[in-house]
Novice: 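Okay, handing you the structure first.
Just so it is clear, the model here is predicted, and its values are computed rather than measured. Per chain, numbering begins at 1; letters A, B, ... match sequence-line order.
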There are 2 protein chains.
Amino acid sequence: MTEKTSPSPAAIKAWARLMRVSRQLMERSEDALKDSSLPPLAWYDVLHELAEAGEGGLRPFQLIERTLFAQYNISRLLARLEADGLVEKLRVADDGRGQTIRITGKGRETRRRMWAVYGRSIAELVGARLSDDDLDTLSALLGRLRHPAALE
Amino acid sequence: MTEKTSPSPAAIKAWARLMRVSRQLMERSEDALKDSSLPPLAWYDVLHELAEAGEGGLRPFQLIERTLFAQYNISRLLARLEADGLVEKLRVADDGRGQTIRITGKGRETRRRMWAVYGRSIAELVGARLSDDDLDTLSALLGRLRHPAALE
DNA sequence: TCTATATAGATGCAGTTGCATCGATAATCG
DNA sequence: CGATTATCGATGCAACTGCATCTATATAGA
């Protein structure tokens with residue numbers, strides 16, 4: 001197992017399915033959002049984190065940690081969200097470099113409408129295809145593939 | 001289970017992990033290729049299919065079916081591969097609209113060098129973290145999420 | 001304190017993707 | 001056969017991504 005450089009057939013197959021299925025499901029849910037004239041999934045991810053963070057908001061670098069988006073990606077995504085009035089940027093007192101991002105009422109409303117569609121996609125695409133037990137098994141296996149391999 | 005529009009917590013968690021882990025692993029393997037000054041994963045997917053197809057080659061629409069890339073994506077990807085001398089486009093006799101794509105020797109060589117890096121990524125990122133039994137379980141669960149739910 | 005280094009976030013530029021559409025050939029149907 | 005419709009693949013354009021770099025502020029070190 002140590003220092004192995006050539007993957008087993010089982011590893012190759014699992015990898016291929018992981019890549020293929022995740023891309024397919026992502027596209028499907030993106031399409032569902034588009035069909036409802038809603039913004040893309042990336043917007044949801046950010047709005048979700050900001051909604052959970054509450055009135056205190058989050059710093060952009062915290063969003064980067066949570067969403068795993070690249071720095072420049074967050075920077076421009078936040079610019080678009082701000083232009084749409086879904087978030088607001090607040091100067092932060094104790095660090096002149098930074099800012100705090102807070103979700104607006106309109107942002108919460110957009111997130112709510114996105115979830116109606118996105119949640120349905122999840123329910124249809126995975127919830128209706130695997131039992132909760134199987135889903136837990138899947139989560140556990142995927143959890144062991146995270147990098148760095150975290151605890152929860 | 002029928003017509004459910006709201007996903008269970010287990011479904012949400014599995015979905016989130018699937019999206020997050022697959023993106024993370026994809027990025028890691030892309031980075032490994034970049035570090036070796038090799039082309040991106042999408043090139044590998046196409047070269048792989050073409051190598052398996054042999055001398056007969058494949059039509060672009062067959063590549064679309066196999067790789068799930070969008071039509072315009074394949075069209076431009078093939079243009080880049082051809083510009084790099086990794087594939088060649090052949091007029092096909094019985095269909096004036098179409099063409100056949102065949103991998104070149106250089107294409108095979110590039111694919112081989114990519115696999116050395118890509119295969120190692122797979123071995124390290126999933127092969128070293130899950131047993132073959134667990135990998136088979138994972139493959140089976142993912143298989144049930146495919147759309148349309150195929151047989152094998 | 002003054003300088004060097006590190007961190008937060010923005011941005012110019014080139015390459016890629018997504019969308020819509022187009023041109024060309026094939027297949028279908030009256 | 002002739003007209004309509006479908007399929008194959010390419011492409012103009014706008015949006016987005018990745019990379020490198022930049023500005024500004026904060027921190028560390030001599």
Side-chain angles (χ1 to χ4, degrees), chain A residues 23-24 26-46 49-50 53 57-84 87-102, chain B residues 23-24 26-46 49-50 57-84 86-102:
Chain A
R23 196 167 31 153
Q24 222 172 354
M26 176 92 75
E27 271 172 22
R28 287 232 170 192
S29 52
E30 289 276 16
D31 287 347
L33 288 170
K34 263 178 247 172
D35 290 347
S36 301
S37 303
L38 288 167
L41 270 186
W43 290 36
Y44 181 84
D45 289 345
V46 168
E49 293 298 337
L50 290 174
L58 286 176
R59 301 282 299 267
F61 72 86
Q62 294 177 299
L63 281 169
I64 291 167
E65 292 164 4
R66 284 167 169 73
T67 62
L68 304 185
F69 290 140
Q71 183 268 323
Y72 55 80
N73 223 324
I74 286 289
S75 177
R76 293 199 252 230
L77 183 41
L78 289 176
R80 283 172 231 145
L81 288 170
E82 187 188 28
D84 264 44
V87 307
E88 50 193 353
K89 299 184 174 182
L90 310 169
R91 286 292 142 199
V92 55
D94 57 327
D95 188 340
R97 298 166 299 183
Q99 54 190 293
T100 293
I101 310 296
R102 192 166 61 193
Chain B
R23 196 166 31 154
Q24 222 172 354
M26 176 93 73
E27 271 171 23
R28 287 232 170 191
S29 51
E30 289 276 17
D31 288 347
L33 288 170
K34 262 178 249 174
D35 290 346
S36 301
S37 303
L38 288 167
L41 269 187
W43 290 37
Y44 182 84
D45 290 345
V46 168
E49 294 298 337
L50 290 174
L58 286 175
R59 300 282 301 268
F61 72 86
Q62 293 177 299
L63 282 168
I64 291 167
E65 291 164 3
R66 285 166 168 74
T67 62
L68 303 185
F69 289 141
Q71 183 269 323
Y72 55 80
N73 223 323
I74 285 289
S75 177
R76 293 198 252 229
L77 183 42
L78 289 176
R80 281 172 231 146
L81 288 170
E82 187 188 28
D84 264 43
L86 304 184
V87 306
E88 49 192 355
K89 298 185 175 182
L90 310 169
R91 286 291 143 201
V92 56
D94 58 325
D95 189 338
R97 295 166 301 184
Q99 55 191 294
T100 294
I101 310 297
R102 192 166 61 194

Novice: Quick check against the 3.5 Å criterion: does A/Arg102 have a side-chain atom that pairs as donor or acceptor with the backbone of A/Val87?
Specialist: no

Novice: Measuring only between side-chain heavy atoms, which start at C-beta, is A/Val92 closer than 4.5 Å to A/Asp94?
Specialist: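 A side-chain contact under 4.5 Å exists here.
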
Novice: Between C1' on C/dG9 and CG on A/Leu63, what's the gap in Å once rounded to a whole number?
Specialist: 12 Å

Novice: Does A/Arg59 reach the main-chain N or O of A/Ile101 with its side chain, forming a donor-acceptor pair under 3.5 Å?
Specialist: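 Not confirmed, A/Arg59 side chain does not pair with A/Ile101 backbone.
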
Novice: Is there a side-chain contact between A/Leu68 and B/Glu27, using heavy atoms and a 4.5 Å cut-off?
Specialist: no

Novice: Main chain of A/Pro40, side chain of A/Glu30: is a donor-acceptor contact present, judged purely on distance under 3.5 Å?
Specialist: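 Flag not set: sc A/Glu30 to bb A/Pro40 has no pair under 3.5 Å.
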
Novice: When you check the phosphate oxygens OP1 and OP2 of C/dA10, does a side-chain N or O of A/Lys89 lie under 4.0 Å from one of them?
Specialist: yes

Novice: With the side chain counted from C-beta on, respond yes when B/Leu63 and B/Leu50 share a heavy-atom pair under 4.5 Å apart, and no when they do not.
Specialist: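 Side-chain contact under 4.5 Å: yes.
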
Novice: Distance under 4.0 Å to a non-hydrogen atom of chain B counts as contact; along DNA chain D, which nucleotides mark the start and end?
Specialist: D/dT7 to D/dC19

Novice: In whole angstrom, give the distance that lies between atom CZ of B/Arg97 and atom P of C/dT25.
Specialist: 10 Å

Novice: Any side-chain heavy atom of B/Leu78 within less than 4.5 Å of one from B/Gln99?
Specialist: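 Answer no - side chains too far apart.
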
Novice: Measure the distance from CG on A/Leu90 to P on C/dA8 and round it to the nearest whole Å.
Specialist: 18 Å

Novice: Between C1' on C/dA26 and CG on B/Asp94, what's the gap in Å once rounded to a whole number?
Specialist: 11 Å

Novice: Give the residues of residues 28-44 of chain A touching DNA chain D, defined as any heavy atom closer than 4.0 Å, sorted by residue number.
Specialist: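 Contacts with DNA chain D under 4.0 Å: none.
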
Novice: Does the side chain of A/Asp31 come within less than 4.5 Å of A/Arg28's, by heavy atoms?
Specialist: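 A/Arg28 does not reach A/Asp31 side chain to side chain.
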
Novice: Do the non-hydrogen side-chain atoms of B/Leu77 and B/Arg80 ever get within less than 4.5 Å of each other?
Specialist: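 A side-chain contact under 4.5 Å exists here.
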
Novice: Counting only heavy atoms and a strict 4.0 angstrom limit, can you tell me which residues of residues 68-80 of chain A come near DNA chain C?
Specialist: A/Gln71, A/Tyr72, A/Ser75, A/Arg76

Novice: Specify the closest pair of heavy atoms between B/Leu41 and B/Ser29, including all atoms of both residues, with the distance to one decimal.
Specialist: CD1-OG, 3.6 Å

Novice: Would A/Phe69 and A/Asp45 count as a side-chain contact (heavy atoms from CB on, under 4.5 Å) if you check the C-alpha gap in whole Å, the side-chain angles of each, and the deciding distance to 0.1 Å?
Specialist: CA-CA 10 Å; A/Phe69 290 140; A/Asp45 289 345; 3.8 Å; yes

